[in-house]
Amino acid sequence: MSQRTTDMIVIAAIIIIAVTLVDITMFETALSSGIVRVFFALLMVLVLPGYAITAALFPGRMIGAAERLLFSVGLSMVVAILGGLILNWMPAPIHASAWSILLAGTTITASIIAFIRRREIPPSEAESPGLRFSWPQGLLGLLVVGLVSGAFLVNRMGVIPQRTTAFTQFWMLPANPADPNSLRLGVRNHELREMNYKLQVTNGTVPVGEWPLITLGPDELWESTIALPAIQPGMEMVEALLYRLEEPDTVYRRVLFWRDNQ
Amino acid sequence: MNQLTRLLEAPFAEESTDSAHEPRDVTDAARTTPKPHEAADVARTTPKPHEATDAAKAPFNPRPMAASNKLASRLRRIADATKTAATLREETDASTAVTRPRGAADTARTTLKLHGVADATRTTPKPHGAADAARITPKPHGATDTARITPKPHGAADTSKAVTRLHEAVDPNKTTSFLHETADSERPAVIPRRDVGSSKTTPKPHIILDQIEPTTEPNDAADQNELVAEDNIATEEVNPQASIQYRRRLIRSKLKGAVAPPIQPPAPAQPQPQPQPTEELESSAIPIPQTQPVVPKTTDLAWLWLPGTCLVAAIGLMLISYGYSIALGGVAQASSFFWSGLRLMFASVAIRVIAPNVPRQERISLVVALGLGLYLVKVLHSPSMFTFSDELQHWRTAGDILRSGELFLPNPLLPVSPLYPGLEIVTTALASSSGLSIFASGILVLGLARIVGVLGLFLFYEQVGGSARVAGVAALLYMVNPSYLFFDAQFAYESLAIPLTALTLFAMAHRNQVADDKRLGLTLIVVMGIAAVIITHHVTTYALIMFLFVWSFVAFIWGRSASGQLTPYGILLLTVLMSLCWIAYVASITISYLERPLDNAGQDLIRLIAGESVSRELFRTAAGELAPLWERLNGFASVGLILLGLPLGLLHIWRQHRTRVLAMTLALSALAYPVTLAARLTNNGAEVANRASAFLFVAIAFVLAVGVTGFLKDRWSEHWAAIFGVWATVIFSGSVIVGWPLWARIPGPYMAIADTRSIEGQGLAAADWVRTYFETDSRIIADRINRLLMGSYGEQRPVTHFSDRLQTAQVVLSPTFGPEERQIVRWGKVRYIVVDQRLSRELPSVGSGNYFERGEPGGGEHTTPIDPAALAKFDSLPRVSRVFDSGDIIIYDGGALQR
């Protein structure tokens with residue numbers, strides 16, 4: 001197998017694997033969120049179409065590694081953009097299978113053209129230039145990757161918690177929009193610690209429900225539906241008050257709902 | 001002389017055939033199906049211009065000619081030098097002898113210089129080189145050959161020197177020193193075809209470095225290693241070719257008589273130090289004679305530079321990351337880590353990139369690494385979600401495409417976004433294929449786009465400036481534009497459109513350097529690239545059109561089309577037509593979308609000039625926060641250094657590149673920079689100026705790079721590297737200060753209406769809750785931040801003045817809820833009202849001092865935060881339910897107000 005065909009065969013193999021993974025994972029298999037799928041999808045969308053088109057347009061040693069990299073990634077994006085526009089005109093929605101057909105079709109077609117065009121040029125001109133690095137450079141490169149990874153690790157420990165604030169969500173909505181006599185209550189604990197709550201519901205001034213202790217761990221959710229007495233003509237206000245047991249006399253959250261029978 | 005030349009022409013064909021006996025040339029010479037142009041090479045005696053240009057271009061197609069042709073051209077050149085020497089002996093008095101050692105390559109160089117001399121004097125037509133020189137028609141816009149021959153500051157092309165060098169010309173033993181010197185020097189990698197000649201007759205190709213002594217084929221045509229190989233070839237330690245060359249030269253010298261000094265037989269193979277990779281122009285055209293000091297050669301540890309520099313840059317990134325992570329505890333301390341890391345990253349690469357003896361591959365790797373590193377600075381700022389306002393707007397478009405499988409669905413946050421869906425298409429293609437989230441897919445897409453952008457600009461600059469050093473410095477200096485670090489790294493259409501434009505520009509520039517039969521592929525890339533840019537971003541499209549217009553203007557004024565140079569007229573027309581079609585059939589609202597800010601900026605500027613308004617206070621946020629003194633000084637210094645550098649760059653462009661249409665186009669474009677500075681003095685103009693910088697710096701970076709490299713040409717030392725590093729880093733950090741306010745650079749505690757600093761857990765959780773419990777696209781009123789969150793992650797439909805022409809801010813800001821507010825709610829069919837209690841504690845930091853949007857009551861002039869009573873008024877409104885409470889964020893159901 002000469003070098004002029006090797007990359008084309010590798011491309012074809014990757015495309016077949018990528019399409020298989022994309023289509024199989026549509027059925028929720030174990031690979032549906034795997035790194036393998038991500039890797040092959042990345043190649044299928046952002047590298048291979050451009051690489052194959054570049055090979056088809058410049059079959060010989062007309063371009064160097066930098067230009068090849070530029071065209072491979074850049075043209076892949078261009079193909080995706082123009083292809084997306086074409087897919088939008090098709091009756092089928094733009095989903096994974098449509099993308100795999102479009103991108104795989106483009107890549108394989110361009111690969112075939114590249115293969116044919118490369119046969120017309122001398123072998124010495126058909127070889128693709130590659131980048132060369134020495135092993136010490138590779139080791140230092142790994143060190144750089146390690147440092148960048150470390151930067152992400154430090155960042156993950158420090159920055160993400162900054163956007164995490166402590167609070168509690170409390171809500172009251174109609175359980176059924178057509179039925180004003182049934183309300184849904186909910187509490188979610190975002191306090192970053194376990195919390196004990198007390199909940200009271202009144203219809204006007206009449207208590208209609210009380211939960212003396214609701215214990216929720218971090219990020220836990222509590223929901224309940226309350227049935228109210230049949231509404232009288234006019235408007236009634238249903239009020240729900242949430243307390244923290246550590247401060248039982250202070251209203252922590254308050255929601256209200258107007259029942260309107262006019 | 002003619003007889004001599006004719007004698008020399010005869011053996012060419014024979015020698016070309018003979019070259020098949022040389023092992024390396026067997027393939028080329030023995031091919032049974034030579035390509036048309038190769039076949040023509042064998043037969044013809046005068047190379048065609050496009051072939052010469054092919055040979056000259058870098059890095060494409062470095063070996064276009066068959067080996068036999070190279071041999072023939074070698075012989076031609078040597079003969080040419082000899083006969084020109086004889087001509088000059090007759091015409092000039094070359095009495096001064098220069099004992100500076102010169103080699104065979106010098107012969108070629110001198111020959112070229114003397115072509116120019118002979119242009120004006122000789123009348124005898126020569127078979128090739130000399131005849132070409134005679135054919136050149138002097139043109140008012142500067143025949144380039146003449147321009148090159150015109151004595152330069154270095155005295156390089158000085159006629160008398162050139163003549164005296166002829167005495168030393170043909171000396172094969174002195175080749176090495178010249179090649180080293182030439183390779184170290186700054187010189188054009190490519191002489192564009194338009195530069196080659198100005199007449200309609202076949203322009204004479206300049207002698208190409210790799211045609212001087214090419215005896216082996218390098219492994220990697222596009223690599224800097226090629227030049228190394230050529231340098232190695234020139235030194236020829238073990239020299240099987242040398243004896244062959246020697247014999248040929250000897251025969252030729254006998255034919256020519258006693259013009260040249262005696263040719264020495266090749267020295268026995270001596271172990272010599274390998275020349276190191278120096279300036280990296282794979283195939284340089286005319287070697288410009290240099291008087292600059294010899295640049296120190298790289299050492300055996302040269303391989304350390306690339307990984308070492310990347311390591312230092314990675315340490316800088318680590319410092320920034322640490323600064324981010326401690327920002328909650330104290331922004332001031334975090335800021336020092338941020339700046340230390342950022343400057344370390346930039347300066348380490350800048351110092352290396354400016355050095356003259358750096359391989360091309362290393363320069364490319366360094367600028368790409370820096371581009372990626374700066375992108376990671378933004379990624380680390382918000383590592384788990386999009387938090388910039390533009391990002392949330394485009395997230396909505398991507399989410400709609402992913403959810404519905406359709407393009408062009410309306411986006412209430414940014415109506416124009418779905419009409420330019422390029423970025424979202426690529427992102428959703430990856431997301432749906434890989435199963436990744438929109439956020440993760442967007443990060444990957446933009447990371448790769450950053451590589452495309454840096455590479456595209458580098459290669460474009462290399463085409464324009466003819467030097468990898470200029471290209472590296474220009475690509476580096478492009479990164480100092482105020483938008484680069486954050487704005488053009490965010491998930492927004494411009495972040496992809498600019499890299500696609502860079503790709504297209506490179507393809508366009510490179511079309512000028514290749515033969516006709518190779519243009520088709522590049523033309524296809526240009527057309528596809530332009531189409532993709534048009535689909536991706538409006539402003540980038542118009543910037544590209546402007547650039548093509550200026551390019552066309554310069555090409556028209558310079559009148560270069562006659563010399564065979566491609567003009568951009570066709571591309572300009574195509575781009576305009578495609579853009580108009582897109583506006584007419586898809587994105588008709590673009591004009592009104594862009595009209596407002598441009599109109600406002602223009603009016604502000606006019607008022608400022610007319611003295612009807614005062615300039616805005618620089619470095620002060622809408623909330624009244626003034627940047628520290630050092631930041632203000634750095635910001636002014638940055639602008640000042642750019643302004644100082646521009647004239648220097650323009651001067652060098654005029655001296656070195658004025659015959660290059662693209663270089664002059666960039667120079668002309670850079671002149672718009674001062675205008676944008678004036679716009680910064682107005683409120684509306686500041687944003688326009690910031691946005692324009694991403695495009696203007698394509699030109700400014702090139703002008704500065706030419707200026708810097710030209711300035712350092714004759715005075716290079718390590719000290720200058722440090723000075724350049726400081727200069728570039730001051731500009732860079734000043735641009736970051738000018739382009740991005742202090743609070744936005746570093747994540748930290750919550751701030752009211754401060755975009756990224758306002759995105760925190762409570763607002764995100766509320767948006768998530770809304771998405772779960774409300775119907776999609778329920779109509780809501782919310783402040784700037786919650787509108788973004790509810791409209792993107794919450795999948796709701798905000799009602800705004802921008803999209804609905806309703807002053808919805810009044811509903812929240814008004815102290816009471818009266819009939820007017822009720823009418824707004826009814827007209828807007830508003831179902832939910834989101835109230836953020838934190839707005840009653842702080843003034844807005846962005847949005848020109850608006851809590852909601854421009855034009856709100858008291859907008860831009862808030863001196864106190866919103867009255868808490870105004871926010872609490874909904875609690876007392878009958879039939880308005882308070883359905884959600886998370887402490888600061890309250891959501892009211894105003895559906896009953898519709899009745």
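First the proteins, then the strands, lettered A, B, ... as listed; each starts at 1.
- Between the side chain of S881(B) and the main chain of W258(A), a donor-acceptor pair closer than 3.5 Å is present.
- Most heavy-atom pairs under 4.5 Å with chain A: of the set V452(B), L455(B), L503(B), V883(B), this distinction falls to V883(B).
- Contact of A449(B) with chain A is made through backbone and side chain together, with heavy-atom distances under 4.5 Å.
- Contact of I451(B) with chain A is made through the side chain alone, with heavy-atom distances under 4.5 Å.
- A salt bridge between R360(B) and E67(A) is present, with a side-chain N of the basic residue lying under 4.0 Å from a carboxylate O of the acidic one.
- Residue contact with chain A, scored on non-hydrogen atoms closer than 4.5 Å, is absent for L372(B).
- For L376(B), the part sitting under 4.5 Å from any heavy atom of chain A is the side chain, from C-beta outward, and nothing else.
- Between V255(A) and F884(B), the closest side-chain pair of non-hydrogen atoms is not below 4.5 Å.
- Between the side chain of Q169(A) and the main chain of W769(B), no donor-acceptor pair closer than 3.5 Å is present.
- A distance of 10.0 Å separates CE of M528(B) from CD1 of I81(A), quoted to the nearest 0.5 Å.
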Evaluate the side chain to side chain contact (heavy atoms under 4.5 Å, CB included) criterion for residues V154(A) and Y324(B): first the C-alpha distance (whole Å), next the side-chain angles of each, then the deciding distance (0.1 Å), finally the verdict. CA-CA 9 Å; V154(A) 168; Y324(B) 283 165; over 6 Å; no
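- With a threshold of 4.5 angstrom between heavy atoms, L436(B) approaches chain A through side-chain atoms but not through N, CA, C or O.
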Assess the residue pair L46(A) and V445(B) against the criterion (side chain to side chain contact (heavy atoms under 4.5 Å, CB included)); give the C-alpha distance rounded to whole Å, side-chain angles, the decisive distance to 0.1 Å, and a yes or no. CA-CA 8 Å; L46(A) 292 176; V445(B) 167; 4.0 Å; yes
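- Between the side chain of R253(A) and the backbone N or O of S886(B), at least one donor-acceptor pair lies under 3.5 Å.
- A donor-acceptor pair under 3.5 Å links the side-chain atoms of S321(B) to the main chain of N155(A), judged by distance alone.
- When heavy atoms are compared at a cutoff of 4.5 Å, L448(B) approaches chain A by way of both its backbone and its side chain.
- Considering only heavy-atom pairs separated by less than 4.5 Å from chain A, the leading option among V379(B), I315(B), L430(B) is L430(B).
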Per-pair distances, 0.1 Å, donor-acceptor, side chain in residues 138-147 of chain A, under 3.5 Å, sequence neighbours excluded:
none

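- Judged by distance alone, the side chain of R882(B) and the main-chain N or O of E239(A) form no donor-acceptor pair under 3.5 Å.
- Side chains of F774(B) and L173(A) form a contact here, defined as non-hydrogen atoms less than 4.5 Å apart.
- In terms of heavy-atom pairs under 4.5 angstrom with chain A, the leader among V426(B), L402(B), L423(B) is V426(B).
- For chain A, the nearby part of S404(B) is the backbone; its heavy atoms alone come within less than 4.5 Å.
- When heavy atoms are compared at a cutoff of 4.5 Å, R188(A) does not approach chain B at all.
- Ranked by heavy-atom pairs under 4.5 Å with chain B, the first of S76(A), G74(A), S72(A) is G74(A).
- In terms of heavy-atom pairs under 4.5 Å with chain B, the best-connected choice from L85(A), L57(A), V79(A), L256(A) is L256(A).
- Judged purely by atom type and a 3.5 angstrom limit, N88(A) uses its side chain to pair as donor or acceptor with the backbone of L407(B).
- The two residues S433(B) and V45(A) have their closest heavy-atom pair at OG-CG2, 3.9 Å.
- Heavy atoms of F458(B) lying under 4.5 Å from chain A are absent altogether.
- The candidate from H190(A), M77(A), M172(A), H95(A) with the greatest count of non-hydrogen atom pairs under 4.5 Å with chain B is M77(A).
- Taking OG from S434(B) and CG from L21(A), the interatomic distance works out to 11.5 Å, rounded to the nearest 0.5 Å.
- Of the two parts of S100(A), neither the backbone nor the side chain holds a non-hydrogen atom closer than 4.5 Å to a non-hydrogen atom of chain B.
- The line from CG of D885(B) to CG of L242(A) is 9.0 Å long, rounded to the nearest 0.5 Å.
- One distance of note links CG of L524(B) with CD1 of I53(A); it measures 8.0 Å at 0.5 Å rounding.
- With respect to chain A, the highest number of heavy-atom pairs below 4.5 Å among D888(B), L500(B), V880(B), L496(B) belongs to V880(B).
- For the set L520(B), I401(B), I525(B), the count of heavy-atom pairs under 4.5 angstrom toward chain A peaks at I525(B).
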From CA spacing to verdict: side chain to side chain donor-acceptor pair (under 3.5 Å), T165(A), E760(B): CA-CA 7 Å; T165(A) 47; E760(B) 47 66 66; 3.1 Å; yes
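- Residues I94(A) and T428(B) are not in side-chain contact: their nearest non-hydrogen atoms beyond the backbone lie 4.5 Å or more apart.
- Contact annotation: the side chain of P93(A) never approaches that of E406(B) to less than 4.5 Å [non-hydrogen atoms, C-beta and beyond].
- Both the backbone and the side chain of L317(B) come within contact range of chain A, each with at least one heavy atom under 4.5 Å from a heavy atom of that chain.
- Ranked by heavy-atom pairs under 4.5 Å with chain A, the first of A532(B), G453(B), A896(B) is A532(B).
- With a threshold of 4.5 angstrom between heavy atoms, M237(A) does not approach chain B through any atom at all.
- Of the two parts of P878(B), the backbone and the side chain both hold a non-hydrogen atom closer than 4.5 Å to a non-hydrogen atom of chain A.
- Within 6.0 Å of CD on E223(A) lie more than 12 heavy atoms contributed by other residues, nucleotides or ligands.
- The shortest heavy-atom contact between A314(B) and V148(A) is CB-CG2, 4.3 Å.
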